[in-house]
Structures are given as structure tokens and as C-alpha cells.
Asker: 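Quick one: the structure is below, questions incoming.
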Amino acid sequence: VSQSRYGIGQVGRNYECFPNERFFGPVAQALVNTGAQIERFQMLDNGTRSFMRLGWDSSHDIVIGPRKVGDIVGKRCLISTSHDGKFAGKFCLQMLRLICSNGQTVPVSPFEMTLTHTKGGATQLVDLQNLVPLIDTYTTSFQRAAELLAETKVSPTSTKCSQIVEKIVDPQKTAKPTKKGEPNRAANRVSRLISLFDGGQPGADNVAIKGTGWGLYQAAVDFY
């Protein structure tokens, strides 16, 4: 039984509660061992919720495409939990594209894992800690795939581009004009994604983005 300003709540026997130091400590230490730095730790709602943000400095950045003018991608990790089980614990690794010289970034490939507070949560907590060493493997795979896409030329007006876009936003091939001759919703989705690819997305002028598979992938990310 726990009491807070919200009243009294009771949980069942299958409930497992993890102190913040047990949840954040080992995971954060494992991340720090990979070169991450703790950027922020905050508690909300009188300590009911808490989260930590860690990041890697620019020496760990990935450059997609030509080295001097490539698309720069960094890493950030968010860990959050709640002491009363109201919110599941969460581990989120984000890959972030630098889209502006003022430091603005956009997420490109998040990976998430949740930690429940019911029976079995202790095992999940261990799994979460064991996940950290796999970040380097994930990052390497991400980089190789991104570089391959950056080397793949795709024209916004090509048939191949249209086929890829249809599979992403109109797999049922329902795009067509309405009775009034206007594009239906599916057709609008297709045209919207192509327009994002053809210069409408953040950082669209980057040579690693313009007219490449990497740019088409990022247009889809921006669309969603």
C-alpha cells in the first residue's frame, strides 16, 4: 500500500517495485562505460516519475555519405520509470540527425524496450542491462545500412521511387481521384511523401540526402 497526494493505492502480490538507484544505476554505468555522459536527471510529480538522459559527444558521431559534407547522426539514450508502477520503465536509444547548424536534430531510428512492474520485472531489468553492450552492434548495423542507402541513387520522379512510396503509405494501392476529381487521402499521402523527398524535409539540401535512398528513408521518417 502506498500513499501520496493523489490518495491511497494498493497493488497485488505480483507487483515488483524497483528503487531508482537499482533501475538507473547499473544501466547508466554500463552506458557511461561505452562513452556516454549523463546530461540530465529529473524527478516529476513529487518523485512519482523520474528519467535520465545520456548522450555521446561528437567523437562518437556517424557521418553518412561524404565525410566533409555528409549527414551527421549522433546518439542519445533516455531511461525513465515510475515508483508506483503507473508508468512502465522504458529504455529508448535514439539516433539523431543534425539538420541545422544551430544544433537542431530530428530522431531517425529509435529503439525502445519497456520494463513492467509485475512479476518477471526483475528478469527484464537484467535483460535491460545486458542490452547496453549491444548498442555498438546496433550502431554499426545502422551505419552500414545508412551508407548503403546514401550510395543508392533514387530520383523523385522515377518509377522506382513511386513504387517504394506506395509500399510505405499506400500498400493497398487505393490512391485515386475522388468523384470531384480531387486526390483522395491515399493519393495525398503519396504526394506528400514524394514532396518531402523532393526537397521538403529537414536538411533536404544535404548531398547525402538529395536524390538518395537515405533521403527517401528520412522523408518517410519525417512523414510519420
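In this text, all values refer to a predicted model and were calculated from it rather than measured experimentally.
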Asker: Looking at Asn33, I want to see if its CG is surrounded by more than 12 non-hydrogen atoms of other residues, nucleotides or ligands under 6.0 Å.
Answerer: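 Enclosed: over 12 neighbouring heavy atoms sit under 6.0 Å from CG of Asn33.
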
Asker: Can you check whether Arg76 reaches Arg53 side chain to side chain, under 4.5 Å on heavy atoms?
Answerer: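 Arg76 vs Arg53: side chains touch.
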
Asker: Report the distance from atom NZ of Lys179 to atom NZ of Lys176, rounding to the nearest 0.5 Å.
Answerer: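 Interatomic distance, Lys179 NZ to Lys176 NZ, rounded to 0.5 Å: 9.5 Å.
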
Asker: Would you say Val221 and Ile64 are hydrophobically clustered, going by side-chain heavy atoms of ILVMFWY under 4.5 Å?
Answerer: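 Yes.
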
Asker: What heavy-atom pair brings Asp198 and Pro156 nearest, and what distance separates the two atoms?
Answerer: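 Closest approach of Asp198 to Pro156: OD1-CG, 3.6 Å.
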
Asker: Using every non-hydrogen atom in the two residues, find where Gly213 and Val154 come nearest and quote the distance to one decimal.
Answerer: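 Smallest heavy-atom distance, with atoms named: N-CG2, 3.9 Å.
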
Asker: If you take all heavy atoms of Asn188 and Ser191, which pair is closest and at what distance?
Answerer: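 Closest pair (atom of Asn188, atom of Ser191, distance): O-OG, 3.0 Å.
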
Asker: Please name the pair of heavy atoms, one in Pro110 and one in Cys92, separated by the smallest distance, quoted to 0.1 Å.
Answerer: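 That would be CB-SG, 4.4 Å.
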
Asker: Under a 4.5 Å cut-off applied to non-hydrogen side-chain atoms, are Leu93 and Leu78 in contact?
Answerer: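 In short, these two side chains do not touch, never coming nearer than 4.5 Å.
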
Asker: Is it true that Ile99 and Val63 fall in one hydrophobic cluster, defined by side-chain heavy atoms closer than 4.5 Å?
Answerer: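 In one cluster with Ile99: Val63, no.
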
Asker: Hey, are Gln218 and Asp222 close enough side-chain-wise for a donor-acceptor pair under 3.5 Å?
Answerer: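 On atom types as modelled, these side chains do not qualify, holding no pair under 3.5 Å.
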
Asker: Can you label the angle between the Tyr138 ring and the Phe111 ring as parallel, tilted or perpendicular, going by 30° and 60°?
Answerer: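 Ring orientation, 0 to 90° scale: tilted.
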
Asker: Can you find a heavy atom in the side chain of Val73 that is under 4.5 Å from one in the side chain of Asp61?
Answerer: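 Not touching, per the 4.5 Å side-chain cut-off.
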
Asker: For the residue pair Phe91 and Ser80, establish whether any side-chain heavy-atom pair is separated by less than 4.5 Å.
Answerer: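 Counting from C-beta outward, Phe91 and Ser80 never come under 4.5 Å.
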
Asker: Between Thr139 and Ile135 (side chain of the first, backbone of the second, donor and acceptor by atom type, cut-off under 3.5 Å), is there such a pair?
Answerer: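 At least one qualifying donor-acceptor pair exists.
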
Asker: Which distance, rounded to the nearest 0.5 Å, do you find between the NZ of Lys167 and the NZ of Lys173?
Answerer: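 Interatomic distance, Lys167 NZ to Lys173 NZ, rounded to 0.5 Å: 8.0 Å.
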
Asker: Say whether Trp214 and Leu196 are linked into one hydrophobic cluster, either directly or through other cluster members, by side-chain heavy-atom distances under 4.5 angstrom.
Answerer: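 Trp214 and Leu196: separate clusters.
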
Asker: When hydrophobic residues are tied together by side-chain contacts of less than 4.5 Å, even through go-betweens, does Ile72 share a cluster with Leu96?
Answerer: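 No, it is not one cluster - the side chains of Ile72 and Leu96 are not joined through contacts under 4.5 Å.
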
Asker: What is the distance from atom CZ of Phe223 to atom CG of Leu216, rounded to the nearest 0.5 Å?
Answerer: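 With rounding to 0.5 Å, CZ (Phe223) is 12.5 Å from CG (Leu216).
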
Asker: Do any N or O atoms from the side chain of Gln201 and from the backbone of Gly215 form a donor-acceptor pair under 3.5 angstrom?
Answerer: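 A pair under 3.5 Å: yes.
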
Asker: Look at atom CD of Gln42 and say whether more than 12 heavy atoms of other residues, nucleotides or ligands are closer to it than 6.0 Å.
Answerer: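 Correct, the count exceeds 12.
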
Asker: Does a side-chain heavy-atom distance below 4.5 Å link Phe41 with Phe51?
Answerer: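 The answer is no, as the side chains (C-beta and beyond) never meet within the 4.5 Å cut-off.
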
Asker: State plainly whether the residues Arg97 and Asp71 are in salt-bridge range, i.e. N to O under 4.0 Å.
Answerer: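 Between Asp71 and Arg97 there is a salt bridge, with a charged N closer than 4.0 Å to a carboxylate O.
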
Asker: Looking at side-chain heavy atoms only, is the closest gap between Lys90 and Ile79 below 4.5 Å?
Answerer: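 No, their side chains stay 4.5 Å or more apart.
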
Asker: Less than 3.5 Å apart, any donor N or O on the side chain of Thr34 or Trp56 sitting next to an acceptor on the other?
Answerer: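 Yes.
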
Asker: Can you check whether Leu44 reaches Ser50 side chain to side chain, under 4.5 Å on heavy atoms?
Answerer: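 With C-beta onward as the side chain, the pair stays apart.
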
Asker: Does Leu149 share a hydrophobic cluster with Ile62, counting links as ILVMFWY side-chain heavy atoms below 4.5 Å and allowing steps through other members?
Answerer: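 Yes, Leu149 and Ile62 fall within the same hydrophobic cluster.
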
Asker: Minimum heavy-atom separation for Ile168 and Tyr224, please, with both atom names.
Answerer: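 Ile168 and Tyr224 have their closest heavy atoms at O-OH, 2.9 Å.
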
Asker: Side-chain contact test, heavy atoms from C-beta onward, threshold under 4.5 Å: evaluate it for Ser162 versus Val165 and give yes or no.
Answerer: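 No. Closest side-chain heavy atoms not under 4.5 Å.
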
Asker: Working to the nearest 0.5 angstrom, can you tell me the gap between Cys77 SG and Leu31 CG?
Answerer: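 Reported value, rounded in 0.5 Å steps: 4.5 Å.
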
Asker: Under a 3.5 Å distance rule, please check whether Tyr217 uses its side chain to pair with a backbone N or O of Ala146 as donor and acceptor.
Answerer: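 Not confirmed, Tyr217 side chain does not pair with Ala146 backbone.
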
Asker: Quick one: do Met95 and Lys75 satisfy side chain to side chain contact (heavy atoms under 4.5 Å, CB included)? Show the steps, please.
Answerer: CA-CA 5 Å; Met95 309 297 284; Lys75 292 185 296 186; 3.7 Å; yes

Asker: How long is the straight-line distance from NZ of Lys153 back to OG1 of Thr212, given to the nearest 0.5 Å?
Answerer: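 Answer rounded to 0.5 Å: 6.5 Å.
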
Asker: Let me confirm one number: the CD-OG1 distance from Glu166 to Thr174, rounded to the nearest 0.5 Å.
Answerer: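 Those atoms lie 9.5 Å apart.
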
Asker: Please confirm whether the backbone N or O of Ala175 pairs with a side-chain atom of Asp170, one donor and one acceptor, at under 3.5 Å?
Answerer: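 Present.
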
Asker: Which pair of non-hydrogen atoms, one from Phe142 and one from Val108, has the smallest distance, and what is that distance?
Answerer: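 Nearest pair, atom of Phe142 first, then Val108: CZ-CG2, 3.7 Å.
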
